[in-house]
Amino acid sequence: MTEFKALLVSEDATGAFKREVVGRKVEQLPQGELLIRVRYSSLNYKDALSASGNRGVTKAYPHTPGIDAAGVVEASSVAEFAVGDEVIVTGYDLGMNTAGGFGQYIRVPAAWAIKRPQGLPLREAMILGTAGLTAALCVDKLEQAGVVPEAGTVLVTGATGGVGSIAVVLLKQLGYRVAAATGKAEQGDFLRGLGADEIVSREELQQGGERPLLKERWAGAVDTVGGEILFNVVKSLRHSASVACCGLTAGVGFQANVLPFILRGVNLLGVDSVELPLVVKASMWDKLSLQWKLDLAPLCQEIGLAELPAAIERILSGGMVGRILVRLD
């Protein structure tokens, strides 16, 4: 009857949702081959949606969000994992409809977990989390599509967010010239500190939406926001350039036309890190532990469970900058 602390989101009789740290029992967790003592998690936009009652993310409440978790195996019913193994779990149903990383314990299928790469401590793994994995997948797709540093400037939209800020750091480390787009003008120094060569305002990216094409500008792009900004980015890509799309904070739809694709041969590349095959996730985590190992200290703020409700409000109001690492003491 092991008891542990967890953030629990529940719905009251009026339909309002509340978030509080409560005591839970391991026996209340879902079935799964691995019982994991969580050491670190991280706060993502999807977590904030789950914590605010978004039924598109989480169907039933009460619920513990947290789509990221890194910790130590405490019980295993499969040969692939032994007690004491340090593991990373991101994506799949964790934190959506399965109790997630905002609790000191999770129980999950073994097929969701990978062993921690030797060069990546659990804390660093969760500074990256789903955001870092997604940023790496975006950059990898751009490279596969032929985007190279010599081609010109690569744009990152939503650059102060989790995916965006890590993408800026990674692209700069790989030798790209980086333009960071943001609606937070006051964060220019923060973005330059991460390696951005140029700051682009959100208002600038919103201009020209009525036009079928815009001036060729970007050699590539990582888009974390979606909506009309995404298609304006598509319309301003250079010939044969690509944009990797992974977010939707500005909306899920846009008014498109075929001209950028058939006149400039540009590519719109979709990126998913949730249902990605585990072998692909593992190879990307290995890359992030070795040749793509990053110094993420400048963009990380560490908090405990008790501070999570306030941090969730901050991300929902658009006030989050960089990464929030959640320590599960």
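Salt bridge Lys18/Glu20: present, at least one basic N to carboxylate O contact under 4.0 Å. A salt bridge links Glu313 with Arg19: at least one charged nitrogen is closer than 4.0 Å to a carboxylate oxygen. Ion pairing between a basic and an acidic side chain is recognised when a charged N comes within 4.0 Å of a carboxylate O; Arg37 and Glu74 show no such pairing. Classification of Asp197 and Arg192 as a salt-bridged pair fails, no side-chain N sitting under 4.0 Å from a carboxylate O.
A cation-pi arrangement is found for Lys281 relative to Tyr92, the charged atom lying closer than 6.0 Å to the ring centre and inside a 45° cone about the ring normal.
A side-chain donor from one of Asn44 and Arg323 sits under 3.5 Å from a side-chain acceptor of the other. Using modelled atom types, one finds no donor on one side chain facing an acceptor on the other under 3.5 Å when comparing Thr130 with Ser273. For Thr90 and Asp68, the side-chain atoms include no donor-acceptor pair closer than 3.5 Å. Of the N and O atoms on the side chains of Ser52 and Asn54, not one donor lies less than 3.5 Å from an acceptor on the other residue.
Under the 4.5 Å side-chain criterion, counting only non-hydrogen atoms from C-beta, Val147 is in contact with Tyr176. Contact of the Arg202 side chain with the Leu205 side chain is not registered, since no non-hydrogen atoms from C-beta on lie closer than 4.5 Å. Looking at Met284 and Trp292, their side chains come closer than 4.5 Å, going by heavy atoms from C-beta outward. Val178 has its side chain out of reach of Thr153: every pair of non-hydrogen atoms, C-beta onward, lies at least 4.5 Å apart. Considering only heavy atoms from C-beta on, Asn232 comes within 4.5 Å of Leu214 through its side chain. Within the 4.5 Å cutoff, side-chain heavy atoms of Glu198 are placed close to those of Arg177. Two residues are said to be in side-chain contact when any heavy atoms from C-beta on lie closer than 4.5 Å; Ser42 and Ile127 fail this criterion.
Under a 3.5 Å cut-off, the side chain of Asn97 and the backbone N or O of Lys59 do form a donor-acceptor pair. No donor-acceptor pair closer than 3.5 Å links the side chain of Asp140 to the backbone N or O of Glu143. Between the Glu216 side chain and the His239 main chain, a donor and an acceptor come within less than 3.5 Å of each other.
Sorted by first and then second residue, the side-chain hydrogen bond (donor to acceptor under 3.5 Å, both in side chains) pairs with a member in residues 107-121 read Glu86-Arg116; sequence neighbours excluded.
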